[in-house]
Structures are given as C-alpha cells and as structure tokens.
Amino acid sequence: MTRTAAREIAIQLGFSVAATGQQPEEALWAFFEPAHYAAMAEEGDIYGEGPSAKDMEFIRRSVIGVAEHRAELDGYIGKYAKGWRTERISRSAAAVLRQAMFEILYMPDVPDASAINEAVDLAKGYEDREVVAFINGVLGGFYRGEVAQTRPPENDGQPETPVPQDNAAPQEDELSGE
C-alpha cells in the first residue's frame with residue numbers, strides 16, 4: 001500500500017468519525033475487520049492490498065490524532081478560511097484539511113510539503129476545483145501563519161503546490177456561484 005492510499009483511508013476514517021461521533025478505535029477496528037475490508041476491495045483500488053504494519057500505524061496515529069486534536073484543527077480551519085463561514089465547508093474538505101494540518105503539526109516524519117501536496121491531490125477526487133483551490137489556500141495560509149516562521153525550511157523547500165501569496169482562498173460567493 002502506498003502512503004497516499006494510507007492517507008486517503010485515514011481521511012475517510014476521519015470523515016466517518018467526525019460525521020458519526022464513533023470512537024476512533026472502534027472505527028478502526030470495524031473498518032479493518034477482515035470481512036469488511038475485503039468487501040471494500042470491490043469499491044476502490046486503494047483497498048486492493050491491506051496496510052502493512054507501518055501503514056497501519058500511520059492510519060491509526062492519524063485517525064486517533066485528528067479526533068483528539070479536532071477542536072484545535074477546526075480552530076485553524078476557521079482562522080485561515082478567510083471569507084468562508086465554517087459551516088459552509090463540506091465535511092470532506094474539512095476532513096482533508098484536518099488530516100494535512102495534523103500531519104504538519106504532529107507527524108515530524110512527514111514532510112510538510114508532502115502533507116500539503118497530497119491533501120490537495122486527494123481533494124481533487126472528492127471536490128470540484130474551486131474547493132480544491134480553497135483547500136490549497138487554507139493550507140498555504142496555515143503553513144505560512146503557523147509553521148513557516150517556527151521551523152527551519154525543509155530540504156525540499158516550500159510546498160510544491162502553488163500556494164497563493166496573499167492568503168486569498170476563493171470567497172464564499174465565488175464557490176457557491178452566488
């Protein structure tokens with residue numbers, strides 16, 4: 001399993017935990033129950049192979065960590081979602097944002113640029129391009145506002161994904177077509 005597939009599964013489980021209120025450990029157990037996971041293979045290629053121990057640890061750390069830090073992560077989303085009411089952000093966009101922010105803040109083994117780039121790429125499978133641009137803008141603002149000044153630059157520099165320099169995520173009316 002690739003890290004991208006593990007990340008996507010973590011986002012899906014994070015979405016489920018946030019939507020249902022289920023405890024993260026219960027969600028993990030139910031999802032990876034052999035019969036359930038085997039049935040998932042029919043729904044998408046990412047379930048074609050089971051996670052390795054390393055992948056499972058990444059997924060587990062992510063799902064539990066995002067749930068434990070949800071209020072903090074949602075605070076950052078609200079802070080950097082300029083021009084957007086938080087209740088207008090789709091649940092899938094919020095799950096992607098939470099995952100990327102959690103990785104940046106709490107998973108030092110994941111390069112910041114990778115967390116941002118993968119989040120934007122994965123969002124393309126769930127959201128339209130305006131929402132993907134919004135996610136990119138929120139993550140760019142978050143990175144510059146909360147991380148870039150407190151950490152030395154990574155070897156690979158800034159995130160590869162183009163990040164707006166003025167924190168300008170699309171305004172709510174631009175995304176809703178109003």
Side-chain angles (χ1 to χ4, degrees), residues 1-22 24 27-28 31 40 43-47 51 55 58-107 109-148 158-164 167-172 174-176:
M1 171 177 287
T2 65
R3 175 59 63 96
T4 300
R7 185 175 278 113
E8 186 168 3
I9 290 171
I11 290 169
Q12 290 174 359
L13 282 164
F15 174 95
S16 177
V17 166
T20 65
Q22 186 177 25
L28 285 159
F31 189 83
M40 294 297 294
E43 294 191 26
D45 292 341
I46 66 168
Y47 310 109
D55 295 330
F58 174 84
I59 294 167
R60 186 179 179 287
R61 281 176 48 204
S62 295
V63 173
I64 293 170
V66 166
E68 288 175 350
H69 294 278
R70 183 174 172 183
E72 174 192 11
L73 300 170
D74 286 353
Y76 287 127
I77 293 170
K79 181 177 179 179
Y80 292 100
K82 299 188 187 294
W84 266 62
R85 294 185 315 264
T86 53
E87 64 270 9
R88 293 248 324 144
I89 299 170
S90 72
R91 286 188 264 183
S92 60
V96 169
L97 288 165
R98 287 182 194 116
Q99 177 68 29
M101 290 176 175
F102 178 78
E103 288 180 34
I104 291 166
L105 293 172
Y106 296 104
M107 296 180 117
D109 55 318
V110 176
D112 297 339
S114 294
I116 293 171
N117 291 334
E118 290 275 332
V120 172
D121 284 344
L122 287 171
K124 291 174 184 176
Y126 297 99
E127 299 288 354
D128 62 31
R129 67 179 184 82
E130 290 84 11
V131 177
V132 173
F134 166 76
I135 289 169
N136 186 48
V138 170
L139 291 174
F142 166 76
Y143 183 82
R144 286 187 302 278
E146 305 297 328
V147 180
Q158 290 293 319
E160 295 171 26
T161 302
V163 177
N167 290 347
Q171 297 299 306
E172 182 175 346
E174 293 173 10
L175 294 171
S176 64

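Quick note: numbers below take in every heavy atom, side chains included, and nothing from hydrogens, waters or symmetry partners.
Electrostatic pairing of D55 and R3 does not count as a salt bridge here, judged by no charged N lying under 4.0 Å from a carboxylate O. In summary, R61 and D109 engage in a salt bridge, as defined by a charged side-chain N under 4.0 Å from a carboxylate O.
No side-chain heavy atom of R129 sits under 4.5 Å from any side-chain heavy atom of K124. In this structure, F142 and L105 have side chains that are in contact, with non-hydrogen atoms separated by less than 4.5 Å. F31 places a side-chain heavy atom less than 4.5 Å from the side chain of I9. Using a 4.5 Å heavy-atom cutoff, the side chains of V138 and K82 are not in contact. Looking at heavy atoms from C-beta onward, E118 lies out of side-chain contact with V110 at the 4.5 angstrom threshold. Taking the side chain as every heavy atom from C-beta outward, F58 and R7 approach each other to under 4.5 Å. With contacts defined as side-chain heavy-atom distances shorter than 4.5 Å, the pair V96/E127 does not qualify. Here the side chains of I77 and I89 are in contact, with some heavy-atom distance below 4.5 Å.
Between E8 and Y126, the side chains place a donor N or O and an acceptor N or O closer than 3.5 Å (distance only, hydrogens not considered).
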Intermediate values then yes/no, side chain to side chain contact (heavy atoms under 4.5 Å, CB included), I64 and L28: CA-CA 9 Å; I64 293 170; L28 285 159; 4.2 Å; yes

Worked verdict on Y106 versus E68 for side-chain hydrogen bond (donor to acceptor under 3.5 Å, both in side chains): CA-CA 11 Å; Y106 296 104; E68 288 175 350; over 6 Å; no

Residue pair Q99, S62: steps toward the side-chain hydrogen bond (donor to acceptor under 3.5 Å, both in side chains) verdict: CA-CA 7 Å; Q99 177 68 29; S62 295; 3.0 Å; yes

Q12 vs I46, side chain to side chain contact (heavy atoms under 4.5 Å, CB included): CA-CA, chis, key distance, verdict: CA-CA 12 Å; Q12 290 174 359; I46 66 168; 4.0 Å; yes

Pair L122-T4, side chain to side chain contact (heavy atoms under 4.5 Å, CB included): steps then yes or no: CA-CA 8 Å; L122 287 171; T4 300; 4.0 Å; yes

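Nearest heavy atom pair, residue R98 against residue A18, reads NH1-CB, 3.9 Å. When all heavy atoms of Y80 and G141 are compared, the closest pair comes out as CE2-O, 3.2 Å. Closest approach of I104 to A115, counting heavy atoms only: CG1-CB, 3.9 Å. Of all heavy-atom pairs between V66 and F102, the closest is CG2-CB, 3.6 Å. Across every non-hydrogen atom of A10 and V63, the tightest pair is O-CG2, 3.9 Å.
If you take CG on D74 and CE on M101, they are separated by 9.0 Å, rounding to the nearest 0.5 Å. Taken to the nearest 0.5 Å, the OG atom of S90 stands 9.0 Å off from the CG atom of D128. Distance check, rounded to the nearest 0.5 Å: CG of D121 to CG of N136 gives 10.0 Å. Separation of atoms CG (L139) and OH (Y76) is listed at 13.5 Å; rounding is to 0.5 Å.
Side-chain atoms of N117 come within 3.5 Å of backbone atoms of A113 as a donor-acceptor pair (strictly under, hydrogens ignored).
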